[in-house]
Amino acid sequence: MKTLSKTLIAAAAFAAIATTAFSQVPWEFNPGMAYMYAGSGKMSAMAMAATPKNHDAMMKNAKKVPANTVFFMDKGQLYSTSGMLDPTGNFYLP
């Protein structure tokens with residue numbers, strides 16, 4: 001088997017494992033990255049342009065997300081509400 005084929009198979013296996021592991025850990029937002037919800041459960045992430053003009057344009061209409069905000073999907077739509085989840089996944093208000 002050629003080296004390229006072996007590399008592609010290994011990359012596909014790693015992606016499958018990483019996807020499973022990612023779904024079991026909390027979100028981790030990183031500086032310099034933008035995360036966008038495009039509807040119907042589709043999320044994307046990309047590096048933001050690191051210029052003051054871009055930063056100012058994004059901050060113009062930005063709203064700070066309050067602590068204890070829960071995000072969830074229902075019928076293909078993304079929602080948020082104030083509250084918390086206990087270790088078993090049950091929602092409650094602090």
Side-chain angles (χ1 to χ4, degrees):
M1 193 180 279
K2 293 183 178 180
T3 305
L4 178 59
S5 296
K6 289 180 183 178
T7 303
L8 291 175
I9 291 169
F14 177 75
I17 292 168
T19 301
T20 301
F22 178 74
S23 66
Q24 298 174 2
V25 297
W27 287 356
E28 188 172 314
F29 289 87
N30 297 307
M33 292 293 295
Y35 304 88
M36 187 178 86
Y37 175 69
S40 300
K42 295 178 183 174
M43 295 284 296
S44 63
M46 70 180 340
M48 294 185 298
T51 64
K53 182 179 179 181
N54 186 58
H55 180 265
D56 292 345
M58 289 184 70
M59 291 302 292
K60 184 176 181 178
N61 294 307
K63 295 171 184 69
K64 186 176 178 182
V65 176
N68 300 324
T69 299
V70 177
F71 296 93
F72 63 97
M73 294 290 298
D74 184 46
K75 298 176 185 156
Q77 295 295 310
L78 180 65
Y79 291 89
S80 68
T81 188
S82 296
M84 297 182 72
L85 298 174
D86 69 16
T88 64
N90 289 305
F91 177 78
Y92 68 96
L93 295 172

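Being a predicted model, the structure only gives us computed values, none of them experimental.
- Between M73 and S40, the shortest heavy-atom contact is CE-C, 4.5 Å.
- L85 is connected to L93 through a chain of hydrophobic side-chain contacts under 4.5 Å among Ile, Leu, Val, Met, Phe, Trp and Tyr, so both are in one cluster.
- M43 CE: more than 12 foreign heavy atoms inside a 6.0 Å radius.
- Counting all heavy atoms, side chain and backbone alike, T81 lies closest to F72 at CG2-CE2, 4.0 Å.
- By the neighbour-count criterion of 12 heavy atoms within 6.0 Å, atom CE of M58 is sparsely surrounded, having that number or fewer from other residues, nucleotides or ligands.
- Under the 4.5 Å side-chain contact rule for hydrophobic residues, M33 and V65 share a cluster.
- Listed for the Y37 side chain is a donor-acceptor partner under 3.5 Å among the backbone atoms of L78.
- Between F29 and Y35, the ring-plane angle classifies as perpendicular under the 30° and 60° cut-offs.
- Here the closest heavy-atom approach between residue P94 and residue G83 is recorded as CD-CA, 4.1 Å.
- In this structure, T69 OG1 and M84 CE are separated by 10.5 Å, a value rounded to the nearest 0.5 Å.
- Nearest heavy-atom pair across F91 and S82 is CZ-O, 3.2 Å.
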